[in-house]
Protein chains: 2
Amino acid sequence: MQQGRTGPLRPTLEAVAELAGVSRATVSRVVNGGVGVRASLRERVQHAVEELGYVPNQAARTLVTRRNDAVAVVIAEPESRVFSDPFFAQQLRGISKELSSADSQLVLLLVEDTGDYQRVGRYLAGGHVDGALIFSLHQDDPLPAMARKVGMVTVFGGRPGWVGAESDHDLVYVDTDNRGGARLAVEHLVSLGRKRIATITGPLDQTSGVDRLDGYRDVLPYGDPALVAEGDFTQEGGGRAMAELLARRPDLDAVFAASDLMASAALRVLREHGRRVPEDVAVVGFDDQESVAAWTDPPLTTVRQDIEDMGRLMARLLLRRLAQEGSEVARPGSPTSVITPVRLVVRASA
Amino acid sequence: MQQGRTGPLRPTLEAVAELAGVSRATVSRVVNGGVGVRASLRERVQHAVEELGYVPNQAARTLVTRRNDAVAVVIAEPESRVFSDPFFAQQLRGISKELSSADSQLVLLLVEDTGDYQRVGRYLAGGHVDGALIFSLHQDDPLPAMARKVGMVTVFGGRPGWVGAESDHDLVYVDTDNRGGARLAVEHLVSLGRKRIATITGPLDQTSGVDRLDGYRDVLPYGDPALVAEGDFTQEGGGRAMAELLARRPDLDAVFAASDLMASAALRVLREHGRRVPEDVAVVGFDDQESVAAWTDPPLTTVRQDIEDMGRLMARLLLRRLAQEGSEVARPGSPTSVITPVRLVVRASA
DNA sequence: GTGAAAGCGCTAACAC
DNA sequence: GTGTTAGCGCTTTCAC
């Protein structure tokens with residue numbers, strides 16, 4: 001194995017102790033809050049720490065405490081949608097805020113191809129982090145099993161598909177009210193008097209995709225199957241689906257797209273085909289991503305979910321579970337999954 | 001200090017050694033590549049590892065090797081532009097790819113407000129990571145000094161403003177040819193016969209903003225100052241600047257915006273003010289971010305930089321420096337800063 | 001309150 | 001080749 005770094009040696013507890021004329025134990029106490037140390041001594045130690053620029057070695061500390069003050073965020077998005085889609089970005093931001101206020105570090109793990117599962121599995125098992133936030137599971141994703149196997153405390157982003165299939169009393173997730181949101185969107189289109197309402201779905205191997213389609217069907221149980229086209233949450237997929245729908249049902253007068261990105265692509269394709277929005281075709285999206293929905297032409301009517309808040313919530317749930325683990329007590333009120341609310345934001349497209 | 005996690009104890013080297021009937025040293029050898037171990041023994045150990053589901057404890061390993069196989073990515077963007085701007089996203093993706101192929105972990109550190117500098121400083125000093133990739137420095141950013149103080153091997157994203165000001169022979173960065181790119185853009189507008197070419201600049205406390213403005217001035221050294229408005233790379237800022245320019249010089253016939261995001265906002269504002277693009281006003285952006293430039297109406301003519309590749313390059317430089325540090329030899333060819341090339345992508349807006 | 005001492009799990013000399 | 005041993009830097013009983 002390759003030699004590690006050999007830079008200027010950083011000062012150790014030992015060095016501080018010597019300079020301050022106390023024992024290592026005392027220094028350790030001061031560094032960790034200083035309870036039970038006489039004020040005068042504490043001050044002397046603090047000076048020594050300052051003078052030497054001492055910073056605790058985290059590896060040594062973790063070795064004994066078994067804490068890392070770090071949390072992994074795992075995003076399993078083989079198509080690398082991660083960074084083109086503001087959705088993740090916003091969630092990450094919420095998570096980042098919450099974690100940093102708890103002095104915990106965010107460690108981002110991206111799973112791009114199947115080989116990466118190995119690496120991520122090793123990482124989680126390696127005890128680098130105290131817990132994990134896992135996102136955007138697809139069908140048969142090996143991640144949940146991995147996390148469980150190594151006893152990793154986990155909160156999922158979005159409802160995993162197999163909830164209930166196993167003994168998942170322990171499973172915690174945060175999700176938007178996808179189905180309710182879709183219902184809201186489609187009901188709005190109905191209330192506008194639209195008769196041939198199509199939908200561009202998300203990927204149907206993810207619960208968010210399926211749930212939004214279910215919401216559409218709740219309102220239109222006897223709809224024409226030709227009015228349903230599968231997308232994948234991206235602009236490319238959305239554009240393709242819109243073109244398909246137009247080919248199948250040139251007379252459609254409304255579209256509910258399961259993401260703003262897809263809706264924006266739909267607007268474009270509709271324009272290319274000479275349709276006016278909303279006069280000829282009304283369009284509703286899902287997400288209300290500022291950077292997309294407010295900037296389309298016309299601005300998008302869409303279902304708003306507070307994505308950043310979901311991220312914050314996930315982090316908070318995880319931290320709470322972690323805290324409970326530490327204090328062996330029987331869980332007073334074990335955190336449970338949360339479904340966050342949505343609302344319709346009406347702009348010009350429908 | 002709070003007790004750490006107390007889950008089921010993970011198997012240790014010791015346990016594997018016992019099960020395989022060998023010493024800890026042998027197991028360690030096998031786990032780390034297995035050189036110098038008889039094949040039969042190696043196999044026995046591997047079985048034991050498998051059976052117990054053994055995974056090395058990283059903290060213990062780091063404690064002795066002083067390696068983390070992890071790299072910090074520090075993004076200092078108080079305005080939280082990080083995640084609304086695909087720019088960072090793409091760089092991260094490049095970095096992530098490169099690091100994971102070197103089996104190194106990406107640890108993302110976001111600096112949102114000034115208090116975070118402390119936390120990040122502690123993190124870097126704490127020896128969590130082998131090196132750091134630092135982004136989007138503003139004027140007087142304390143990060144470079146912090147990194148240097150703790151002897152952190154660092155590669156910067158974008159040229160730090162104070163290059164040359166100190167003894168920075170050691171400083172390595174990756175940057176786009178901002179100035180050359182801006183020149184390309186403005187020359188294109190000139191070649192189109194435009195006479196009153198305005199520019200929306202980036203934030204002028206960042207070198208990328210300043211350099212792009214310099215490029216504009218290279219081509220138009222005697223331009224009217226009223227044709228220059230300061231933006232901040234965001235849509236909001238770009239829109240504001242465009243409105244300002246229109247108010248000052250209603251007769252302008254071209255705009256070079258220093259980012260695609262700002263250019264897209266400019267298109268919108270121009271449309272609102274009844275200008276046709278490109279007939280009345282030609283617009284050129286900078287970045288060529290697929291998700292923005294190709295989707296505007298009309299599609300944006302812009303300066304293309306390969307952002308993902310820059311990320312990859314940064315990671316590669318860092319890894320190389322890290323490797324050199326390990327093998328104490330005098331640096332054979334110390335990696336130096338890199339300026340990546342740009343080219344003009346002509347679409348419909350100019 | 002403070003110090004002495006025992007590890008946390010691992011790697012790397014060094015013997016054999 | 002393989003085993004023995006001495007730490008890496010820290011926290012945490014346990015005496016005093």
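A note on names: the letters A, B, ... follow the listed sequences, proteins ahead of strands, and every chain is numbered from 1.
- Summarising the geometry, the separation between CZ on Arg67(A) and C1' on dC10(D) is reported as 12 Å, rounded to the nearest angstrom.
- Side chain of Arg61(B), nearest nucleotide from dA13(C), dC10(D), dC10(C): dC10(C).
- Note: CD (Glu43(A)) to P (dG1(C)) measures 18 Å, nearest angstrom.
- Taking CZ of Arg44(A) as the reference point, atom CG of Leu41(A) lies at 5.0 Å (rounded to 0.5 Å).
- The side-chain contact (heavy atoms from CB on, under 4.5 Å) test with Met314(A) is passed by exactly one of Val172(A), Val174(A), Val73(A): Val174(A).
- Distance check: Thr62(A) OG1 to Asn68(A) CG gives 4.5 Å after rounding to the nearest 0.5 Å.
- With values rounded to the nearest 0.5 angstrom, Arg42(A) atom CZ is found 12.5 Å from Arg29(A) atom CZ.
- Phosphate proximity of dT11(C) to Thr65(B): absent, as no side-chain N or O sits under 4.0 Å from OP1 or OP2.
- Between Arg66(A) and dG9(C) there is a side-chain N or O to OP1 or OP2 distance below 4.0 Å.
- Rounded to whole angstrom, the span from the CG atom of Leu41(B) across to the C1' atom of dT2(D) amounts to 8 Å.
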Kindly determine whether Arg61(A) and Asn32(A) satisfy side chain to side chain donor-acceptor pair (under 3.5 Å), including the steps that lead there. CA-CA 11 Å; Arg61(A) 185 177 263 179; Asn32(A) 290 295; 3.1 Å; yes

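- Atom CG of Leu124(B) is separated from atom CG of Leu109(B) by 6.0 Å, given to the nearest 0.5 angstrom.
- For dG3(C), one of the phosphate oxygens OP1 or OP2 lies less than 4.0 angstrom from a side-chain nitrogen or oxygen of Thr26(A).
- Interface residues of residues 50-60 of chain B facing DNA chain C, ordered by number: Tyr54(B), Pro56(B), Asn57(B), Ala60(B); criterion, heavy-atom separation under 4.0 Å.
- Other residues, nucleotides and ligands contribute only 12 or fewer heavy atoms inside 6.0 Å of the CD atom of Glu18(A).
- In this structure, Leu63(B) and Arg38(B) both approach DNA chain D, and ranking their closest nucleotides by distance from the 5' end singles out Arg38(B).
- Listed pair Arg10(B) / dG9(C) fails the phosphate criterion, with no side-chain N or O lying under 4.0 Å from OP1 or OP2.
- For the pair Val338(A)/Tyr173(A), no side-chain contact is recorded, criterion being any heavy-atom separation below 4.5 Å from C-beta on.
- A salt bridge links Asp103(A) with Arg122(B): at least one charged nitrogen is closer than 4.0 Å to a carboxylate oxygen.
- For DNA chain D, the residues of residues 12-25 of chain B within the heavy-atom distance limit of 4.0 Å (strictly under) are Val22(B), Ser23(B), Arg24(B), Ala25(B), sorted by number.
- To the nearest angstrom, P of dG3(D) lies 15 Å from CZ of Arg42(B).
- With hydrogens and angles ignored, a donor-acceptor pair under 3.5 angstrom links the side chain of Arg29(A) to the base of dG3(C).
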